[in-house]
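Since the structure comes first, as structure tokens, the remarks are kept for the end.
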Amino acid sequence: MAVTGIILVLFLILHMLGNLKIFTGETSFDHYAHWLREIGTPLLPSTWYLWIQRTVLTVAVVAHIVSATVLAVRARAARPVAYAHRRKIHVNYAARTMRWGGVIILLFVIYHILDLTTGHLNPQGDPANPYGNVVQDFAADRWYVTLFYTLAIVTLGFHLRHGAFSAFRSLGQQTPKGERRARAAALVFAVALCVGYLVVPFAVLTGLVA
Ligand code: HEM
């Protein structure tokens, strides 16, 4: 869970930073998107790096889901008979929604790729003009797209908050003070990532990026 989670989080941080380049203007953003296809050249042919990254991400997503399933099955096997009296333990919202949160994020990613990578669900869908694709996508009259992205990204935030908290705790923050510190760090990280993603659709929706 942890290794694949770290790979996916690294991608999420880099992708968020890349998206923020939209504030540097159309030419710069489109140039950045073009550069993504040229990473590793001339050592590698054009787009090879991108395909290696796509393969690594796909394997990481599949392994993340398989690990989660194995852990859930193992946990159930360890306690085949349900507790007669279930002790009330404090489990927060983020921890309780990991499974369904994960499913929603996966469905979002499939939609998102059809929207902004292949362009099938995008009003413009021009691979040579990713800036235009983003601007058309989050236009004010398509507010429901921004709403959907917002719900998906907030779900991602909850998922990351619990994932990051578990990771920090595994790294040794197991005293009460350490737990508090891990909880706070996970919250700051999740909020920063959500804000970093959400400013883009909201900047388009409000006309700041046009
Ligand atoms: C509002 C937030 C987001 C915006 C504006 C955005 C924007 C984009 C754009 C423009 C592309 C196409 C890049 C290109 O082909 O040059 C893209 C691809 C992608 N995005 Fe996002 N994205 C957002 C959120 C997310 C989130 C939350 C995830 C993951 C949970 C994600 C995962 C991906 C993936 C996997 C690709 C495909 C990369 C590839 O071509 O291999 N994105 N995104």
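Each residue takes its place number in the sequence, starting with 1. These numbers were taken from a predicted model, which means no experiment stands behind them. Note that ligands are numbered from 1 as they come in the structure, with each ligand's atoms numbered from 1 the same way.
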- Please confirm whether R54 comes within less than 3.5 Å of ligand 1 when only nitrogen or oxygen atoms on both sides are compared. yes
- Backbone N or O of L50 within a donor-acceptor pair of the T47 side chain at under 3.5 Å? no
- Query: With a 4.5 Å limit on heavy-atom distance, are the side chains of L156 and F108 in contact?
  - Reply: no
- Find all atoms of ligand 1 within a distance of less than 4.0 Å from any non-hydrogen atom belonging to P201, and give their numbers and elements. 1 (C)
- Query: Looking at ligand 1, does L12 have a heavy atom less than 4.0 Å from it?
  - Reply: yes
- F165 vs H162 aromatic rings, parallel, tilted or perpendicular, using cut-offs 30° and 60°? tilted
- Task: Would you mind counting protein N, O or S atoms that sit less than 2.8 Å from atom 21 (Fe) of ligand 1?
- Result: 2
- Can you check whether R181 reaches F168 side chain to side chain, under 4.5 Å on heavy atoms? no
- Message: I'd like to check which ligand 1 atoms, numbered from 1 as shown, lie under 4.0 Å from a non-hydrogen atom of I153.
- Response: 1 (C), 2 (C)
- Is the backbone N or O of A210 less than 3.5 Å from a side-chain atom of Y131, with the two atoms forming a donor-acceptor pair by type? yes
- Do L14 and Q53 come within less than 4.5 Å of each other through their side chains, counting heavy atoms only? no
- Message: Donor-acceptor check, side chain of S28 to backbone of G25, threshold 3.5 angstrom: yes or no?
- Response: no
- Task: Look at atom 13 (C) of ligand 1 and say whether a protein heavy atom is found at less than 4.0 angstrom from it.
- Result: no
- Task: Could you check atom 16 (O) of ligand 1 against the protein and tell me its nearest heavy-atom contact, residue, atom and distance included?
- Result: R37 NH1, 3.1 Å
- Hey, which atoms in ligand 1 end up nearer than 4.0 Å to a heavy atom of V200? 5 (C)
- Message: Looking at N133 and D126, would you say the former's side chain and the latter's main chain have a donor-acceptor pair under 3.5 Å?
- Response: yes
- Message: List the residues meeting ring-ring contact (aromatic ring centres under 6.0 Å, His included) with Y111, not counting sequence neighbours, and say none if there are none.
- Response: F148
- Message: Using a 4.0 Å cutoff against the non-hydrogen atoms of Y197, which atoms of ligand 1 qualify?
- Response: 1 (C), 2 (C), 3 (C), 23 (C), 24 (C), 25 (C)
- So the atoms of ligand 1 within less than 4.0 Å of a heavy atom of V109 turn out to be 29 (C), 30 (C)
- Nearest-contact summary for atom 34 (C) of ligand 1 - protein heavy atom, Å: F11 CZ, 3.8 Å
- Considering only heavy atoms of L156, which atoms of ligand 1 have at least one such atom less than 4.0 Å away? 27 (C)
- Message: Among all protein heavy atoms in this structure, tell me which lies nearest to atom 26 (C) of ligand 1, with the distance rounded to 0.1 Å.
- Response: F108 CE2, 3.6 Å
- Please tell me if the side chains of F11 and V56 come closer than 4.5 Å, counting only heavy atoms from C-beta onward. no
- Would you mind listing the cluster partners of V66? Hydrophobic ones only (ILVMFWY), side-chain contacts under 4.5 Å, chaining allowed. V62, V70
- Atom indices of ligand 1, in the order listed, that fall short of 4.0 Å to a heavy atom of A33: 16 (O)
- Y149: side-chain hydrogen bond (donor to acceptor under 3.5 Å, both in side chains) partners, not counting sequence neighbours: H112, D115
- Item | Residue, atom name and distance, where the atom is the protein heavy atom closest to atom 10 (C) of ligand 1 | V134 CG2, 3.8 Å
- Query: Can you tell if the side chain of L106 reaches within under 4.5 Å of the side chain of I65, non-hydrogen atoms only?
  - Reply: yes
